[in-house]
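For reference, the structure discussed in these notes is given below.
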Amino acid sequence: MSEMPDLADVFRAAISIKEMILTTPLIESRELAEISGAMKIMLKLESLQNTGAFKVRGASNKILNLTDKEKKRGVITFSTGNHGKAVSYVSARSGINSVVCLSENVSVYRAEMIRSLGAEVVVYGKSQDEAENRYYELIEKRGLVPVVPFDDPAIISGQGTIALEMLRAHPELDVLLVPLSGGGLLSGIAMTAKSINPSIHVVGVSISRSPAMIESLKAGKPVVIKEKPTLADSLLGGIGKENNYTLELIKRYVDEHLIVSEEEIEKGMFFAFSKHSLVIEGAAAVGIAAVLSSKINLKGKLAGLVLTGSTIDQKKYIEVLNKHSK
Ligand SMILES: *Cc1c(COP(=O)(O)O)cnc(C)c1O
């Protein structure tokens with residue numbers, strides 16, 4: 001069995017990543033509390049985090065704790081989204097070479113966004129799988145150190161620092177709602193929060209278009225599911241065929257799972273914009289979506305929601321606003 005990360009690792013991560021991250025605001029949503037009957041609802045704005053998403057926490061904890069030899073070799077990943085941005089940003093800021101592998105079907109806009117942060121972008125193949133194969137080749141050929149997006153103790157501990165910040169500000173939090181895909185974020189937050197307060201209720205929110213973790217929990221092992229296009233594209237992707245950490249940690253620490261639809265995600269995004277002037281991507285809106293659609297009973301509770309990021313295609317975003325504006 002692999003060594004699982006613990007609370008001490010999260011405290012160490014908080015020290016390691018201090019210079020690389022923002023301690024993001026935690027704001028109150030009176031509007032959401034009123035709708036749900038909650039005593040109070042707090043929104044953790046990782047959408048304002050450096051690079052536009054929380055992934056910089058895990059990536060910097062991983063990269064900054066590499067040995068000097070490993071740092072000299074450089075790092076590599078094959079994410080299309082926020083993890084790619086984070087690896088590119090952290091590496092460039094610490095003088096480490098980074099390579100991000102993308103397939104040809106990733107938008108030019110995304111490739112450019114990652115490149116502009118400092119990484120060498122390798123565009124290869126017609127699918128994510130082909131890009132992934134190229135990634136393994138480059139690890140071999142160039143001796144680059146892989147930085148995976150979620151199933152790694154350093155990544156999980158880095159994401160767990162979000163819970164430290166939330167509980168430091170509001171130790172009396174009763175419920176946490178957290179977006180879920182590969183589970184680095186949820187497992188880090190759940191392990192941290194439960195280690196501090198075992199009676200806190202931790203909820204994962206998945207999307208109906210790609211509920212890979214929920215299916216894997218049911219099966220008791222990683223399940224590959226056929227995913228469909230979604231507004232919450234940062235929540236696409238499976239949990240890995242050889243999941244060593246996040247599945248087990250989520251099984252151990254997470255109390256409840258919810259699933260939201262595309263329409264509900266749109267409403268969550270629109271709510272953030274219209275009530276709080278916040279631009280958030282689909283993946284970041286799933287917690288608000290779950291509350292607005294009454295999928296969880298928050299009566300009298302103090303709840304914390306993590307708004308995870310703000311990387312979104314402008315045209316798609318404006319469409320959502322137009323569709324829901326009155
Ligand atoms: C990566 C990501 C998530 C999900 O995190 P996992 O660790 O893969 O579960 C949620 N929201 C945003 C914006 C992300 O980039």
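Just follow the structure's listing: the first ligand is 1, and inside any ligand the first atom is 1. We number each residue from 1, following the sequence as shown.
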Does at least one non-hydrogen atom of Leu186 fall below 4.0 angstrom from an atom of ligand 1? no

Using 0.5 Å steps for rounding, measure from the CG atom of Asp9 to the OG1 atom of Thr192. 9.5 Å

Given side-chain contact (heavy atoms from CB on, under 4.5 Å), test Phe150 with Ile156 step by step and report yes or no. CA-CA 7 Å; Phe150 53 86; Ile156 293 165; over 6 Å; no

Closest approach of Ala92 and Gly118, non-hydrogen atoms and distance? CB-CA, 4.2 Å

So which atom in Pro149 and which in Ile155 form the shortest heavy-atom distance, rounded to 0.1 Å? O-CG2, 3.4 Å

Quick one: look at Gln159 and ligand 1, take heavy-atom pairs under 4.0 Å, and tell me if it's side chain, backbone, both or neither. neither

Contact summary for Ser91 and Ser98, nearest pair of heavy atoms: OG-CB, 3.5 Å

Keeping Asp174 on the side-chain end and Ala303 on the backbone end, is there a donor-acceptor pair under 3.5 Å? no

Contact with ligand 1 for Gly81, non-hydrogen, under 4.0 angstrom: no

Which heavy atom of Asn61 sits nearest to which heavy atom of Ser157, and what is that distance? ND2-CB, 3.8 Å

Mind telling me whether Tyr317 and Phe273 have parallel, tilted or perpendicular rings, with 30° and 60° as the class edges? perpendicular

Step by step, work out the salt bridge (charged side-chain N to carboxylate O under 4.0 Å, His left out) result for Glu263 and Lys323. CA-CA 11 Å; Glu263 177 80 15; Lys323 183 173 162 190; 3.5 Å; yes

Atom 6 (P) of ligand 1: nearest protein contact (heavy atom, Å): Gly183 N, 3.4 Å

With salt bridge (charged side-chain N to carboxylate O under 4.0 Å, His left out) as the test, would you mind laying out the steps for Asp233 and Arg209 before giving the verdict? CA-CA 10 Å; Asp233 52 355; Arg209 297 265 169 109; over 6 Å; no

Looking only at distances, please establish whether an N/O atom of ligand 1 is found under 3.5 Å from an N/O atom of Ala53. no

The atoms of ligand 1 lying under 4.0 Å from a heavy atom of Gly184, numbered in the order shown, are 6 (P), 7 (O), 9 (O)

Location of contacts on Leu185 toward ligand 1, heavy atoms closer than 4.0 Å: both

Leu235 heavy atoms within 4.0 Å reach ligand 1 at atoms 3 (C), 4 (C), 10 (C)

Going by the 4.0 angstrom heavy-atom rule, the piece of His83 near ligand 1 is neither

Per-atom contacts, ligand 1 versus Phe54 - under 4.0 Å to a heavy atom: 1 (C), 2 (C), 3 (C), 5 (O), 10 (C), 11 (N), 12 (C), 14 (C)

Students should be able to answer this: which protein heavy-atom is nearest to atom 11 (N) of ligand 1, and at what distance? Thr308 OG1, 2.8 Å

Taking the basic N atoms (NZ, or NE/NH1/NH2) and the acidic carboxylate oxygens, is any pair closer than 4.0 Å for Glu165 and Arg168? no

Proximal ligand 1 atoms for Glu281, defined as those under 4.0 Å from one of its heavy atoms: 13 (C)

Going by distance only, is there an N or O of Pro179 that falls short of 3.5 Å from an N or O of ligand 1? no

Just which atoms of ligand 1 are under 4.0 Å from any heavy atom in Gly309? 13 (C)

Looking only at protein heavy atoms, what sits closest to atom 8 (O) of ligand 1 is Gly182 N, 3.0 Å

Residue, atom and distance of the protein heavy atom nearest atom 14 (C) of ligand 1 read Lys55 NZ, 2.9 Å

Check each atom of ligand 1 against the heavy atoms of Asn82 and keep those under 4.0 Å away; list them by number with element. 13 (C), 14 (C), 15 (O)

